[in-house]
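Down below is the structure, laid out as structure tokens.
As the structure is a prediction and not an experimental result, all values here were calculated from the model. Throughout, a chain's letter reflects where its sequence line sits, starting with A, and its residues are numbered from 1.
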Amino acid sequence: MRRIIENLVAGIIEKLQSDALLPAGELPEYKVERPRDESHGDFSTNAALVLSRFAKMKPRDLAEKMLAALPSEQKEVDSWEVAGPGFINFRITPQRIRQLIPDILEANSDYGRSTIGNGQRILVEFVSANPTGPMHVGHGRGAVMGDAIATILQVTGHAVEREYYINDAGTQIGVLGWSVMLRYRELFGYEISMPDGSYPAQYVIDIAQSLKDKDGERWLEITTDLSAAPPLEVVNFAMERIMGWIRHDLEKINIHFDNWFSERTLHAKGKIDETIEQLTKKDLIYEGVLEPPKGKLLDDWEARPQLLFKATQFGDSVDRALKKSDNSATYFAADIAYHFDKAERGFDLLIDVWGADHGGYVKRVQAALTALTGKKKLLDVELVQMVNLVRGGEPVKMSKRDGTFVTLAEVVDEVGSDAVRFLFLTRSGGAALDFDLELAVSKSNDNPVFYVQYAHARINAVYRQLAEKGLEAGLGDGSGDLSGLTQDSELSLIRLLGAYPEMLEGAALNREPHRVPYYLIDLASAFHTYYNSTRILDDDVVLMAARLSLISAVRQVLANGLGLLGVSAPEKM
RNA sequence: GCGCUCGUAGCUCAAUCGGAUAGAGCAACGGCCUUCUAAGCCGUAGGUUGCAGGUUCGAUUCCUGCCGAGCGCGCCA
């Protein structure tokens, strides 16, 4: 719908250019947007404000000239005027606005889709929780966020793949293996002590128990020398168990990945050495000694020569280590190799969704990727702030160490997938989130999930009522005469429906899924207002059909928006 | 000390890549159910957008400096 006005304004500017009122060639960008205030029309442009300098005119004068260049015969635009400091406001004809209803009903579940992505190939990597324990709520937020970003990009015409990076190599995995081994011994009555940094929680005992059930005493003879690597078979057993939980938990909140990428395959294929070699060829690797970190006390710090990547050449604050003292690869080295692998798979853009605690890590990965590919903005990292779990205002303690943490699965069991998904998304990712378990199940206006779903259910209730009255079910398919929709509440409701595709474009462009739930809350609110003020099942059949068409379109957009968030749109509540 | 993310109504949060008079919900107060779902609607009240400068037609938004919060800061992931 915005296109109508965009084309109009573009036409005007072209005309002014040919009339030499504006200089030819490239001009600065102006905008056509929906004003916040409906009294400012359906669309507004700041073109005169932006271009006034080039026309050597005052903004308002230029705006007048622009309107003079507008053919007075307009089919879809009702009125236009100069307002404020030099905005031009346009109003779309009611007929054109009403036309949105059949448009939406015809497009059906495709309404809102666009092709602005031009098929751009994007890989969205998210969750990637370590297979050392069940997912907690923080992972859940990242999961829902990543999934929503992916979906929004899909419906705006991008070719998206979802990927989970499994950190199945490295020291943490070894620690997990030993944690299980110790608990396993304990099950046979041996005295054990869990060393610092191990995983003592109940789930480790559960895994140990299944290991015992499966293999009996088979692993008892294995040394408990913690400095050695734990048996690979035990490690794999534990890890597969945990990954099973993770997949199951993701399933519960309706998240599905296209790819599960194993870190081990990087090691196995020599990808890490290969990547270091690439960097060496570009003369970006050297042996050096780093300064001790400032402001953080490291009691075991000692100056030591390391294999370093020249990250400072690409905007990072210090050069970064690629090898540990035992000459094995750092996590960073593996991560570079992983991201390089993504790049080699031919994606136009890589999006990573990380927890905010990894924020300090962004620059170095981007630096390495730029070094390897020559592309500057290949990797976009979206940081998701932490989740504070709250129950009735009281914080719920979470710690992976003492085993009292609350898992995502527990929360989903308690409040349901819809509430988790919607509430995790109804906040910009940059802001920390207090997730209140009581509020999530409360049936109040404070809980937007129910509010939006209720609007959808209410519309269905009207249709059920229609059937009970024995009236034709086909009423409200948008085909009838809609000219009876003249109330302000009706026209602004339709306008809001018309804004849906634009909202989605904005959400995609800025990677801000939270715009979707906020929009849906607005739409639900506008509908509830309308519903309370106006009777749908009017005695006038033509008018009733028109109103049914309207709310049917509202229902469609609510369903589309909720669907995109992975939240159900119930017919009855 | 440095970096990142933030700071908006009493509380939880919005504000369209710089737009016009900064908006919702909750909490407070007052109204609306013999009619399609009251899990709803309407109204009242609530603000120096942390502070101070700067950029310009215009700043919650961009820049600089302070204040405050969270996260991070060799060989963990």
Nearest-Å distance once atom C1' is located in both B/rA59 and B/rA20
13 Å

Quote, to the nearest angstrom, the C1' distance that separates B/rG72 from B/rA77.
14 Å

Whichever of A/Asn460 and A/Ser325 has its nearest RNA chain B nucleotide further upstream toward 5'
A/Asn460

Starting from the 5' end of RNA chain B, give me the residue, A/Lys572 or A/Ser525, whose nearest nucleotide shows up first.
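Nearest-nucleotide comparison on RNA chain B picks A/Lys572.
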
Interatomic distance, [X] [atom1] vs [N] [atom2] [rounded to whole Å]:
X        : N      : atom1 : atom2 : answer
A/Ile521 : B/rA24 : CD1   : P     : 13 Å
A/Leu423 : B/rG25 : CG    : C1'   : 13 Å
A/Arg515 : B/rA24 : CZ    : C1'   : 17 Å
A/Tyr451 : B/rG25 : OH    : C1'   : 9 Å
A/Tyr199 : B/rA77 : OH    : P     : 10 Å
A/Tyr30  : B/rA20 : OH    : C1'   : 20 Å

Taking the six-membered ring for Trp, are [X] and [Y] parallel (under 30°), tilted (30 to 60°) or perpendicular (over 60°)?
X        : Y        : value
A/Phe332 : A/Tyr361 : perpendicular
A/Tyr500 : A/Tyr519 : tilted
A/Phe527 : A/Tyr531 : tilted

On the ring face of A/Phe435, is A/Arg427 found with NZ or CZ under 6.0 Å from the centre and within 45° of the axis?
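Relative to the ring axis of A/Phe435, which defines the angle, A/Arg427 lies outside at least one limit.
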
Go through the side-chain N and O atoms of A/Gln172 and A/Tyr331 and say whether any donor and acceptor fall under 3.5 Å apart.
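There is no such pair between these side chains.
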
OP1 or OP2 of [N] less than 4.0 angstrom from a side-chain nitrogen or oxygen of [X], does that happen here?
X        : N      : value
A/Arg364 : B/rG3  : no
A/Arg427 : B/rC13 : yes
A/Thr529 : B/rG40 : no
A/Asn167 : B/rA77 : no

Please give the nucleotide sitting opposite B/rC41 as a Watson-Crick or G-U wobble pair, both distances under 3.5 Å, or none.
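The answer is B/rG31, by the H-bond criterion.
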
Under a 3.5 Å cut-off for both distances, is B/rA15 Watson-Crick or wobble paired, and to whom?
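Checking every strand shown, B/rA15 finds no partner, since no pair has both distances under 3.5 Å.
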
Taking N and O atoms by type only, does the side chain of A/Ser44 place a donor or acceptor under 3.5 Å from a partner on the base of B/rA20?
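Checked by distance alone, the answer is yes.
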
Stacked pair A/His40-B/rA20, distance under 5.5 Å, angle under 30°
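Per 5.5 Å and 30° rule: yes, stacked.
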
Can A/Tyr518 be classed as stacking with the base of B/rA14, given a centroid separation cut-off of 5.5 Å and a plane angle cut-off of 30°?
no

Quick one: which protein N/O atoms are closer than 3.5 Å to N/O atoms of nucleotides 67-71 of chain B? Pair and distance per line, please.
unit_1, atom_1, unit_2, atom_2, d
B/rC71, O2', A/Ala356, O, 3.4

Near RNA chain B, under 4.0 Å by heavy atom, which residues of residues 536-554 of chain A?
A/Ile536, A/Leu537

